[in-house]
Amino acid sequence: MELCDKTIHDLSGMLAKKEIQPSEIMKSALSRMEKTGEFASFIKTFPEEAMKCAGEQDKKALKGSLSGIPVAIKDNMCIEGKGTTCASHILEGFTAPYTATAVQKLLDEGAIVIGKTNMDEFAMGSSTETSFFGNTLNPWNKDTVPGGSSGGSATSVALGEAAGSLGSDTGGSIRQPASLCGLVGLKPTYGRVSRYGLVAFASSLDQIGPFAKDVEDAAILLKAISGYDAKDSTSVNAEVPDYPSQIKNGIKGLRIGVPREYFLEGIDNEVEACVRKAIKDLENCGAEIRDVSLPRTEYAVATYYIIATAEASSNLARYDGVHYGLREKAGNIIDLYKKTRSAGFGDEVKRRIILGTYVLSSGYYDAYYLKAQKVRTLIKEDFSKAFGEVDVIVTPTSPTTAWKIGEKTDDPLKMYLSDIYTISANLAGIPAVSLNCGFSAGLPVGLQLQAAHFNEAVLLRTAYAFEQMNDYHKKRAFSETAENQVKYY
Ligand code: GLN
């Protein structure tokens, strides 16, 4: 196995025993990147800088839990001195003046950033097809989408380009691409990770989280990025558990709920079969499986697309041709706004700004925005009630596996409905994780686990227990040599 296909915890173990050096890991990751360019994980890469940094680390003692580990960062997180495009034309030429806290925390632990990953424009989408820079391909099947909006962060890890990566999740943008690319992807509790330096899409829903090859790696990354940050007033001053040391505690007696509303129409049969089998596995690990109800689930997508677009319309008002990036030539200021915004935003972003402006406008505010806020509270109540009865809620992550490129681009509603299982966690602010629970026609199927606020530890513990019963997490989408090309389906 190439070094770049190994997990972070394996690499860290080898580094600690001095069996390898950071530069060897970096060489392996960069040489993989040369072979996987067609998948288009990245908007920008920093190979020379990353190699130099790894070489310097060779000479020093290990710095932290991520020493010498190549990581990739979604291109909506700022890194000082580097471009941050959000995959939008409107931010072309913009250089970030500071570094996002979550990224800084990875750097403080010794991680080395190899590139900024491709995404749906301003994180609006479920397939990484709305990027101004073109789409990203699914590592398991090039004809299909990797999911979105953090598609590039997912593919970079699935291809072995990066050992781990960061994405952002507003309505599923970490968990859904993790599901479609066969990875572990975790959306932390709202407030667990600082959003400072994350370009805002919908501020009450956005949260940064990790992509990893397995649960232990996800625990290491989550620990590194979590914690209070004075620069983000929504970050919460709560103790950060030592996630990696808690994952192996087992799930004997844990109460796991299966919400009946998540297994109705629209779910693919094979996806359902994999998830049902996973639930059996969890039961065999000693968990107690219970039926629960989340009755307002059917309103989640509509509620989300009112609140998210309303917040987006306000957040994206700052891209006016004056402050950042693109500036079109114009005779007066109004013209400048119009021309810059018309040329700078793609269709999906425009659709959302228009929708968001509409639901906030006088006369419609009460009927749409205010009502959506009330329904959001009801959805939150559903979860509070359910978490009175169970510790973890298990569902599919996505109703289907990866779909064909272009299949949903002309039908926004169809695209929006693919988020049906992930959106509620953002509305409620609770943590959720997706992990691989099987394959259907060669494409990974994701299992989603959700828990009460700040209970990421129980998610990771449950996910780890599941991993021990299966070997899906050991499968790699990309192989260097034909004889290593294992078919998993
Ligand atoms: N797919 C959802 C959307 O289009 C979620 C995106 C996200 O989580 N950033 O809004």
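Throughout, residue positions are numbered sequentially from 1 according to the sequence presented.
Between I256 and I279 the shortest side-chain heavy-atom distance does not fall below 4.5 Å. Residues S127 and N135 are not in side-chain contact: their nearest non-hydrogen atoms beyond the backbone lie 4.5 Å or more apart. You'll find the side chain of F122 stays beyond 4.5 Å of the side chain of T170, heavy atoms only. Inter-residue side-chain proximity for D5 and R32 is flagged as met; some heavy-atom pair is nearer than 4.5 Å. Residues L449 and I393 have side chains not in contact (no heavy-atom distance under 4.5 Å, counting atoms from C-beta outward). By the 4.5 Å heavy-atom criterion applied to side chains, I73 and S165 are not counted as neighbours. Side chains of E272 and P396 form no contact here, defined as non-hydrogen atoms less than 4.5 Å apart. The closest side-chain heavy-atom distance from Y262 to V275 is not below 4.5 Å.
Side-chain polar atoms of D120 and S149 form no donor-acceptor pair below 3.5 angstrom. Checked by atom type, the side-chain pair S440/E270 shows a donor-acceptor distance below 3.5 Å. Side-chain contact of R195 with T234: a donor-acceptor pair under 3.5 Å is present, judged by distance alone. Side-chain contact, S41 with S156: no donor N or O sits under 3.5 Å from an acceptor N or O. Under the 3.5 Å distance criterion, with hydrogens and angles disregarded, no donor-acceptor pair is assigned to the side chains of N141 and T144. For the 3.5 Å distance criterion, the side chains of E311 and S203 fail to qualify, holding no donor opposite an acceptor.
Between the CG atom in L254 and the SG atom in C285 there is a gap of 10.5 Å [rounded to 0.5 Å]. Taking CD1 from I251 and CG from D391, the interatomic distance works out to 10.0 Å, rounded to the nearest 0.5 Å. We find the OG-CD distance between S398 and Q176 to be 5.5 Å, quoted to the nearest 0.5 Å. Within the model, atoms CD1 of I423 and OH of Y299 stand 16.0 Å from one another, a figure rounded to the nearest 0.5 Å. With rounding to the nearest 0.5 Å, the separation of NZ in K105 from CG in L221 is 13.0 Å. S434 OG to F211 CZ: the interatomic distance, rounded to the nearest 0.5 Å, is 9.5 Å.
D232 places no side-chain N or O within donor-acceptor distance of the main-chain N or O of S194, the cut-off being under 3.5 Å. A donor-acceptor contact shorter than 3.5 Å is absent between the side chain of D471 and the backbone of K474. Not one N or O on the side chain of N118 forms a donor-acceptor pair closer than 3.5 Å with the backbone of I43. Formation of a donor-acceptor pair under 3.5 Å by the R376 side chain with backbone atoms of A428 is not found in this model. For the pair S28 (side chain) and E24 (backbone), a donor-acceptor distance under 3.5 Å is absent. A donor-acceptor pair is defined here as one N or O able to donate and one able to accept, closer than 3.5 Å; no such pair exists between the side chain of K248 and the backbone of R461. Between the D206 side chain and the A202 main chain, a donor and an acceptor come within less than 3.5 Å of each other. Not one N or O on the side chain of N436 forms a donor-acceptor pair closer than 3.5 Å with the backbone of L183. Side chain of R175 to main chain of T422: a donor-acceptor pair is present (N/O by atom type, distance under 3.5 Å, no hydrogens or angles). No donor-acceptor distance shorter than 3.5 angstrom exists from the side chain of S150 to the backbone of G167, with no hydrogens or angles considered.
Using a cutoff of 4.0 Å between basic side-chain nitrogens and carboxylate oxygens, E288 and R290 are scored as salt-bridged. Here K116 pairs with D75 in a salt bridge; the nearest charged N to carboxylate O distance falls below 4.0 Å. The residues K280 and E283 are annotated as salt-bridged, a charged nitrogen and a carboxylate oxygen being separated by less than 4.0 angstrom. Taking a cutoff of 4.0 Å between a charged side-chain nitrogen and a carboxylate oxygen, E456 and R192 qualify as a salt bridge.
Between P177 and G172, the shortest heavy-atom contact is CD-O, 3.6 Å. Listed here is the closest heavy atom pair of M124 and A312: CE-CB, 3.7 Å. Nearest approach of A402 to L443, heavy atoms of both residues: O-CD1, 3.5 Å. Contact record, I114 with A50: CG2-CB, 4.0 Å, taken as the closest heavy-atom pair. Considering every non-hydrogen atom in both L264 and I267, the closest pair reads O-CG2, 3.2 Å. When all heavy atoms of S293 and E261 are compared, the pair lying nearest together is OG-OE2, 2.6 Å.
Atom CD of E19 has more than 12 heavy atoms from other residues, nucleotides or ligands within 6.0 Å. The environment of NZ in K385 is sparse: at most 12 heavy-atom neighbours from other residues, nucleotides or ligands sit within 6.0 Å. Atom NZ of K44 has 12 or fewer neighbouring heavy atoms from other residues, nucleotides or ligands inside a 6.0 Å radius. Crowding of K380 atom NZ: a count of heavy atoms from other residues, nucleotides or ligands under 6.0 Å exceeding 12.
Applying the side-chain hydrogen bond (donor to acceptor under 3.5 Å, both in side chains) rule to D281 yields the partners K277, N470; only residues at least two apart in sequence or on another chain are considered. Residues meeting the side-chain hydrogen bond (donor to acceptor under 3.5 Å, both in side chains) test with Q57, sequence neighbours left out: none.
Screening F478, F39, F439 against W140 for a ring-ring contact (aromatic ring centres under 6.0 Å, His included) leaves a single residue, F439. Between S168 and the options I174, L205, L198, a side-chain contact (heavy atoms from CB on, under 4.5 Å) holds for only L198. The only member of K35, M33, K27 that meets side-chain contact (heavy atoms from CB on, under 4.5 Å) when paired with S31 is K35.
Both cation-pi conditions hold for R276 and F263: the charged atom is under 6.0 angstrom from the six-membered ring centre and inside a 45 degree cone around its axis.
You'll find the ring centres of Y416 and Y304 outside the 6.0 Å limit.
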